[in-house]
Amino acid sequence: MRRVSGRVLVPDALGRYRPYRALWVREGRVAGLEPGEGRGEVVLPGFHDAHVHIWKVGQLLTDLLDLRGVRSLEELERMLRERDRLLPPGTWLLGRGWNEALLGGWPHRAFLDRVVPGRPVLLTRTCAHIHAVNSQALSLAGIGPDTPSPPGGEVRFAEGLLLERAYGLVERVLPRRTVADYRRYVLAGARHLLAQGITSALEAGADPELLEAYRSLDREGLLPLRVSVLAIRRPDGAETTYPLPEPYRSERLLIAGIKLFADGGLSGASAAVSRPYQGVGGLGVLRLRAEEVFELALAAHQRGLFVATHAIGDVAIREVLRGYARLYQEAPRPIRHRLEHFGLPGPKELALARALGVWAVPQPIFLKELRENFLRYLPEGFLARCYNLGRMERAGLALAFSSDAPVVQEVSPLAGAVAASRLPLLGRGLPLERALFLYTQPEASGFPPMRLWPGHPADLVVYSADPFTHPEEARVVRVEVDGVAVYTA
Ligand SMILES: [Zn+2]
């Protein structure tokens, strides 16, 4: 038995953090809690990031040019030239994370051709739904001025922009990622998450190679945190549908869900909305109607897999909820499906989501990092419903918070909770304690509860100071999974 002392804060059944002065760990599990007010370092249950792209975080930290936070086209130009010099001839220059609202302009084809004339370039926007390419990339992909836009996507040849499913045209000619690449990315991403106190997470979309990377890491005992992986059903650009994944469950790895995409992103004005975007106009891109959601989800639902569908605009959210409603009606099963992002639900969508008992998985940190885009593009009158976490909470939804990194830079659940409490676009935020508790919902990803109650795994995060009273000063100093330190500052 080992005693972990300090100010131990463990949420009760209602999510109120109760103080203890120590917890006891035996064989990786919590054996008991010692009542009383402890002092010193603060111990909390490890966080669950309910929607994150672990491998992409790792890829960005290793192989890609990280463009998040780049604040001008001049800065972007410098970074591209430097990377261009370092890469072997003929290889792709791949980057990710730009945001035109920060750049003060778009990285159009002419710009990329001028800065990097000698190799194909593909730069993914922060939302991952829009890609900027140069002429070499377009010609390798066989895209010309007359290439038609594929269904659910748009090719803007003159500007060198590929929206939504048009990415599939260029994806086909990119260097293939191997299982070994994926393993490297997952491990790099996992280290980054652990350093923020995240001890379990949901990998929000995996192709068959990534699934194999996860299975092999798990078999070799190399996964340092718990991961629930969503299998992608219908990849961009391919007409094929991937087979349903074989369900898999171990202490560290869970394959129990599938991912669908019903629309694009809000920050790039491609989420499917009922009123036109300001400035850029249009109603976004609806990728799935209720019927298609039903048809794609049915086989998974019948096999006991949960379905997690990306839906941001009110139109997309409505279609997905209708598809789910039909599933529950025609094939009743006690599975809680999920809506990823859930950016702009109206009152009817909130009520239907509540009635169906589905999980809503929003990203509070968007209120900070994508704020400029929201304020610029949001349809008239939609400010009050945009990631309105207080409204979701009052509507009685099952909520699980997440980062969606690397769409955002900040992975820290504490930073997300601070955004949820202080940065609502309108109205009141959530209490910090409540917001942080909503980063402790592994059930949303098919895991059992992990909240440091006796019998639960000893997955914990230790802060240097109280994150509730001093969120700015509190630093993660140690993280344990199954009672073993996996991160130490
Ligand atoms: Zn995502």
Side-chain angles (χ1 to χ4, degrees), residues 47-61 64 66 68 96-99 124-131 152 163-165 167 171 182 185-186 189-190 192-193 196 198 200-207 210-211 214 227-236 257-268 270-272 284-285 287-288 306-313 316-317 320 337-344 359-370 373-374 387 399-413 416 419 439 441 444-445:
F47 300 116
H48 179 68
D49 190 331
H51 179 128
V52 57
H53 302 272
I54 303 170
W55 77 267
K56 290 182 186 175
V57 170
Q59 187 193 30
L60 198 47
L61 293 169
L64 295 191
D66 186 352
R68 297 174 303 175
R96 179 181 168 132
W98 59 271
N99 179 346
T124 302
R125 191 179 178 280
T126 175
C127 64
H129 292 264
I130 300 176
H131 304 264
L163 278 60
E164 301 300 322
R165 301 189 60 135
Y167 171 63
E171 230 265 328
Y182 274 133
Y185 297 152
V186 165
H192 190 69
L193 265 56
Q196 311 297 328
I198 296 163
S200 69
L202 174 114
E203 175 74 76
D207 63 14
L210 179 54
L211 287 172
Y214 270 109
V227 185
S228 174
V229 186
L230 293 180
I232 290 174
R233 245 7 264 293
R234 196 193 266 176
D236 276 354
I258 64 159
K259 174 86 179 278
L260 301 176
F261 295 88
D263 66 349
L266 198 50
S267 73
S270 57
V285 181
R287 291 165 61 149
L288 294 176
F306 66 87
V307 180
T309 309
H310 169 117
I312 297 183
I317 291 172
V320 174
H337 300 304
R338 315 186 355 157
L339 284 114
E340 310 304 297
H341 310 305
F342 204 65
L344 293 173
W359 287 98
V361 185
Q363 291 74 36
I365 197 69
F366 285 4
L367 291 168
K368 182 180 175 195
E369 294 201 23
L370 302 176
N373 300 79
F374 293 163
Y387 289 97
L399 286 171
F401 284 174
S402 65
S403 71
D404 201 18
V407 165
V408 291
Q409 243 170 322
E410 197 110 56
V411 184
S412 157
Y439 284 97
Q441 307 295 315
S445 306

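When a ligand or atom number is given, it counts from 1 through the structure's own listing order. Throughout, numbering of the chain's residues begins at 1 and tracks the sequence.
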Enquirer: May I ask you to check whether Phe306 and His337 place their ring centers less than 6.0 Å from one another?
Expert: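 Not under 6.0 Å, so no.
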
Enquirer: Provide the protein N, O or S atoms situated under 2.8 Å from the Zn ion (ligand 1); waters are not included.
Expert: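 N, O, S partners closer than 2.8 Å: His51 NE2, His53 NE2, Asp404 OD1.
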
Enquirer: How would you list all residue pairs meeting salt bridge (charged side-chain N to carboxylate O under 4.0 Å, His left out) that involve residues 51-61, not counting sequence neighbours?
Expert: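 Output for this query is empty, none listed.
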
Enquirer: Quick one: do His48 and Ser445 satisfy side chain to side chain donor-acceptor pair (under 3.5 Å)? Show the steps, please.
Expert: CA-CA 9 Å; His48 179 68; Ser445 306; 2.7 Å; yes

Enquirer: Is there a side-chain contact between Lys259 and His51, using heavy atoms and a 4.5 Å cut-off?
Expert: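 When only atoms from C-beta onward are counted, His51 and Lys259 do touch, with a gap below 4.5 Å.
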
Enquirer: Is it the case that Thr126 and Arg96 place a side-chain donor and acceptor less than 3.5 Å from each other?
Expert: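 Not at all, the side chains of Thr126 and Arg96 share no donor-acceptor pair under 3.5 Å.
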
Enquirer: Under a 3.5 Å threshold, yes or no: a donor from one side chain and an acceptor from the other, between Glu164 and His129?
Expert: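 The criterion, which ignores hydrogens and geometry beyond distance, is satisfied for His129 and Glu164.
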
